[in-house]
**Q** 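I have a structure here, written as structure tokens, and I will follow up with some questions on it.
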Number of protein chains: 2
Amino acid sequence: MPRQRKVEQRAAGTRDRILAAAAAMIGEDPSVNLSVRTVAARAGVSTGSLRHFFPTQRELRDAVLAVIYDHVVSEDGIHDRSVPARDRLVNCLRQVLAPAGVGEQAREAWGKLFETFIAPEPTDEVRAAYLAMDREGQRRVESWLAILTQEGALAAGENTRRARFLMTVLNGLATERALPAEKSILRSETETLYMAVDCVLNCRT
Amino acid sequence: MPRQRKVEQRAAGTRDRILAAAAAMIGEDPSVNLSVRTVAARAGVSTGSLRHFFPTQRELRDAVLAVIYDHVVSEDGIHDRSVPARDRLVNCLRQVLAPAGVGEQAREAWGKLFETFIAPEPTDEVRAAYLAMDREGQRRVESWLAILTQEGALAAGENTRRARFLMTVLNGLATERALPAEKSILRSETETLYMAVDCVLNCRT
DNA sequence: ACCTGAACACCGTTCAAGT
DNA sequence: ACCTGAACACCGTTCAAGT
């Protein structure tokens, strides 16, 4: 069932060149700033042409993220539509949380984070190192949201904000894993993850 | 003990006018973009003069944040029904967040928390001390939720879970205040607080 | 429909020049 | 030391004009 006519395929060609250029730039330097002009120049098209396919920078960025993580096709299970979207997203978020560890391991992990990024004078080098880490996590979460948006499980347009929100929840959970806890932390952690995910999936903003 | 000379007091005068102008702008519209030119114009100084006191936009934003959080420390206002429930709850949560501080202050606060509760062997004494703190915060948040439940702004029955969720978000935000941040933290912090509060107020669980 | 590039209204930072 | 405003090199978006 070929929905696209010939002209649209030609258009898809330059659309893809734009996405490929942007993806290549991120591949070379994950902290690169994707401006209209740099991406357009790299793709060999005009800024106006880029704007024709991606009316705002946000839409360009979201599309690039989706492309990158589609090609990486990891086993995170985000694509498995036999599972409800909320369960898939929660499982993915657990993968971000996993390196935080539990118990003594969690305290050691927090200790390293503290000694590396909080205790020392925040030089540009220290800042850049942390921000690269943070952006990587943010990108992962945004890529999952982009995929759920593509399936229609999520309204478009706020994924950066949503990802920031989820990252904050994960930071809170990671911190609480290092701090003393009342009773089984797993239960309240699961409840909190589902509350955050349901918020993102259901609430209008 | 007057450490400042006359000249420095004059300088502090225009420095304060800049901070006041920026704080006023945020007061009128919390999502406003504080650019060099708009803030300088509002304060009635040149961009060069602003740059003399705040060499980068980051330093300006940090200073403004500190001023705002100092002045917003007031009573909780949870009962003031002339304000929408979500705004009241966000303001109350900000009060829990306030002691986390900003900038260097935030890093020091985290340092103390780390040395007190994470670094040492978790004896029963250490655990109890932290859990008391944690429960106090949880109790405050739950009391606010109880009031909103009484007004009918919130469905009954899940307030402990909801409070735990909000505490986790606050822990995440406090952690992010100590870590290096990308841009103005105030805006994404506000967005995250409102997302969390809207989640609690609107979403069915 | 697709594509161009100029134009517009911003932005943060630098700096010679004044007081 | 404090202050000015122009200048520089960016940014995202809009749009008349071409094919």
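Per chain, numbering begins at 1; letters A, B, ... match sequence-line order.
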**Q** Could you tell me the separation between the CZ atom of B:R17 and the C1' atom of D:dC2, rounded to a whole number of Å?
**A** 12 Å
**Q** Could you give the CZ-to-P distance, from A:R15 to C:dC3, as a whole number of Å?
**A** 12 Å
**Q** Rounded to whole Å, please give me the gap between CD in B:E59 and C1' in C:dT13.
**A** 13 Å
**Q** Does the distance from a Lys or Arg side-chain N to an Asp or Glu carboxylate O, for A:E104 and A:R107, drop under 4.0 Å?
**A** yes
**Q** Does the pair A:R162/A:E142 count as a salt bridge with the N-to-O cut at 4.0 Å?
**A** no
**Q** Check this for me: does any side-chain nitrogen of one of A:E136 and A:R139 sit under 4.0 Å from a carboxylate oxygen of the other?
**A** no
**Q** Between B:R164 and A:E191, is the closest basic N to carboxylate O distance under 4.0 Å?
**A** no
**Q** Report the distance from atom CZ of A:R58 to atom P of D:dT13, rounded to the nearest whole Å.
**A** 10 Å
**Q** If I take atom CD in residue B:Q57 and atom P in nucleotide D:dC10, what distance separates them, rounded to the nearest angstrom?
**A** 18 Å
**Q** If I take atom NE2 in residue B:H52 and atom P in nucleotide C:dT13, what distance separates them, rounded to the nearest angstrom?
**A** 16 Å
**Q** What's the CD1-C1' distance between B:I18 and D:dC3, to the nearest Å?
**A** 10 Å
**Q** Indicate the ring-plane relationship of B:F165 and A:F165, choosing parallel, tilted or perpendicular according to the 30° and 60° boundaries.
**A** perpendicular
**Q** Kindly say if A:S49 contacts the phosphate of C:dT4, meaning a side-chain N or O under 4.0 Å from OP1 or OP2.
**A** yes
**Q** Send over the distance from A:R51 CZ to C:dC2 P, rounded to a whole Å.
**A** 17 Å
**Q** Would one find a side-chain N or O of A:T14 under 4.0 angstrom from OP1 or OP2 of C:dC3?
**A** yes
**Q** Salt bridge (charged side-chain N to carboxylate O under 4.0 Å, His left out) for A:E59 and A:R51? Distances and angles first, verdict last.
**A** CA-CA 10 Å; A:E59 288 176 62; A:R51 268 292 161 276; over 6 Å; no
**Q** Between A:R86 and A:D198, does a salt bridge (charged side-chain N to carboxylate O under 4.0 Å, His left out) hold up when you go through it step by step?
**A** CA-CA 7 Å; A:R86 67 195 288 265; A:D198 286 339; 2.8 Å; yes
**Q** Within the 4.0 Å heavy-atom criterion, would you say B:T56 contacts the bases, only the backbone, or no part of the nucleic acid?
**A** sugar-phosphate
**Q** Could you check which residues of residues 33-46 of chain A get a heavy atom under 4.0 Å from DNA chain C? Sort them by number, please.
**A** A:R37, A:V45, A:S46
**Q** Mind checking who D:dC8 pairs with, Watson-Crick or G-U wobble, both distances under 3.5 Å?
**A** C:dG12
**Q** Once you apply the 3.5 Å cut-off to both distances, tell me the Watson-Crick or G-U wobble partner of C:dT19, or none.
**A** D:dA1
